[in-house]
Amino acid sequence: MPTFPATVRSRLPSVGTTIFTVMSQMAEASGAINLSQGFPDFQADDALFERVSHWMRAGANQYAPMAGVPSLREAIVAKVEALYGARYDPQHEVTVVAGATQGLFTAIAAMISPGDEVIVFEPVYDSYAPSIELQGGVVVRVALRAPDYRPDWSQVASLINPRTRMIMINSPHNPTATVWQADDLRALERLLRGTDIVVVSDEVYEHIVFDGRRHESVARYPGLAERSFVVSSFGKTYHVTGWKVGHVLAPAALMAEFRKVHQFNVFTVATPLQLALADYMSDPSRYLQLPDFYQSKRDQFVSLMQASRFELLPSAGTYFQLASYRRISDSPDTEFVRYLTQEAGVAAIPVSAFFADGRDDRVIRFCFAKNAETLATAAGRLAVL
Ligand code: PMP
Ligand code: GLN
């Protein structure tokens, strides 16, 4: 089909297709085991599907209220209060969104004007920078460096200036699988005191932290909570990434701005899914057992991978495991994952995809949110390399 105009003026000239789509397509085309894009290969609980079906049959199939169905908003704020001790108002301080990606995008669109600077930590989840740039914002990157990927708070302090409008954080962190400690949150709280900088805290892996660690939500820190959008996703917590339902918490004044955008780019999210999630959340064990559930998958994968020449980095949270392949190959990570997918039959994510300059530490990311048999077969293929 001919196009008009012949050359389309791009708002994102240097952006291609997201690495998660690229790798999942490659995995499918080669029949490889897909440990690249983060999603479970096992089924969610039947009781959750029963609730969706119940609400559909009960006629809950028309638009939900713009901010989300009341029962779900109430269930979210009750959970957040029980876990993190912060009381959000279900009327004015929580909004149900179509996945965390949309929550992040909407928070950025509501806050960022052309020329505003946004600090992010790199390696950085791939949606952040394009979302900022679409608003005319300027991305300012703080380096997290292999192998421990710790934030350097003095570097963050040196980057803050009157143009700094927002700082985006993500713990547990994708792709490094690191988890911030109370000291990190306190350092950030101190740094932002007396500024009007807004925080966007991506906490989609809030329930997936290992080895007895505690998730440090910004909601626990009053000096951060007062300036933060807290973004989470039901997809990770209940094994339904394809449902694309999440939530955003923020103090009323920030949330009012958020909803001005939300009402026109999404308006509202699938009604029966919201009602079902509200019912399902009423049993806290459904999210409280998640650390043990995923920790045993991590341990299984780590133990199987001891037979390989991959060197595994620590995984303190998320359902990801980083691995250095220096003992196997010196090819760039994008070439190595192509080889791994097409020749070895296991797809992974090249970590260079999370760096603006393509920085390549010869490290790749595996997703272990998979059945025991899938992990065993994949590790068997990786062990012979
Ligand atoms: N942020 C991070 C750090 C993620 O890993 C993901 C999904 N893997 C998202 C946001 C997006 O979540 P959702 O699928 O709910 O849009
Ligand atoms: N966030 C998931 C990951 O890191 C993928 C989500 C997506 O494909 N956009 O793999």
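In listed order, ligands and their atoms are each counted from 1. Residue numbers run from 1 in the order of the sequence given. Basis for what follows: all heavy atoms, side chains included, without hydrogens, waters or symmetry-related copies.
Within the 4.0 Å heavy-atom criterion, the part of Asn170 lying near ligand 1 is the side chain and not the backbone. Residue contacts with ligand 2 for Thr241 are absent, since no atom lies close enough (heavy atoms, distance under 4.0 Å). The part of Lys244 lying near ligand 1 is the side chain, judged by heavy-atom distances below 4.0 Å. Neither the backbone nor the side chain of Lys244 comes within 4.0 Å of ligand 2, counting heavy atoms alone. Residue contacts with ligand 1 for Lys236 involve side-chain atoms from C-beta outward but no N, CA, C or O (heavy atoms, distance under 4.0 Å).
Of all protein heavy atoms, the one closest to atom 12 (O) of ligand 1 is Ala100 CB, 3.4 Å. For atom 8 (O) of ligand 2, the nearest non-hydrogen atom of the protein is Gln37 NE2, 2.7 Å. The nearest protein atom to atom 1 (N) of ligand 2, hydrogens excluded, is given as Tyr125 OH, 2.8 Å; this is a heavy-atom distance. The single protein non-hydrogen atom nearest to atom 1 (N) of ligand 1 is Asp202 OD2, 2.6 Å, given as residue, atom name and distance.
Remark: ligand 1 and Gly38 share no N or O pair separated by less than 3.5 Å (distance only, no angle test). Geometrically, ligand 1 and Tyr128 share no nitrogen or oxygen pair separated by less than 3.5 Å. The shortest N or O to N or O distance between Thr101 and ligand 1 is below 3.5 Å. Between Ser36 and ligand 2, not a single N/O pair is under 3.5 Å apart.
Electrostatic pairing of Arg259 and Glu257 does not count as a salt bridge here, judged by no charged N lying under 4.0 Å from a carboxylate O. Residues Asp184 and Arg150 are paired through a salt bridge, judged by an N-O separation under 4.0 Å between the basic side chain and the carboxylate. Ion pair Asp361/Arg359 flagged as a salt bridge, since at least one NZ, NE, NH1 or NH2 atom sits closer than 4.0 Å to an Asp/Glu carboxylate oxygen.
Not close to ligand 2: Phe39, with no non-hydrogen atom less than 4.0 angstrom away. At least one heavy atom of Val204 sits under 4.0 Å from some atom of ligand 1. Contact analysis leaves Thr18 out of contact with ligand 2, as no non-hydrogen atom separation drops below 4.0 angstrom. For the ligand labelled ligand 1, residue Tyr205 lies inside the 4.0 Å heavy-atom shell.
Under the 6.0 Å cut-off for aromatic ring centres, Tyr125 and Phe354 do not qualify, their centroids lying 6.0 Å or more apart. Side-chain rings of Trp180 and Tyr149 stay apart, their centers remaining 6.0 Å or farther from each other.
Judged by distance alone, the side chains of Thr377 and Arg381 never bring a donor and an acceptor atom under 3.5 Å apart.
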Yes or no on ring-ring contact (aromatic ring centres under 6.0 Å, His included) for Tyr205 and Tyr319, after CA distance, side-chain angles and deciding distance? CA-CA 8 Å; Tyr205 301 103; Tyr319 43 47; 5.5 Å; yes

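Partners of Glu117 according to the salt bridge (Lys or Arg N to Asp or Glu O under 4.0 Å) rule, which considers only residues two or more places apart in sequence or in another chain, are Arg163. The ring-ring contact (aromatic ring centres under 6.0 Å, His included) test applied to His247 returns Phe234, not counting sequence neighbours.
Between Phe42 and Tyr294, the ring-plane angle classifies as tilted under the 30° and 60° cut-offs.
Between the side chain of Gln263 and the main chain of Met66, no donor-acceptor pair closer than 3.5 Å is present.
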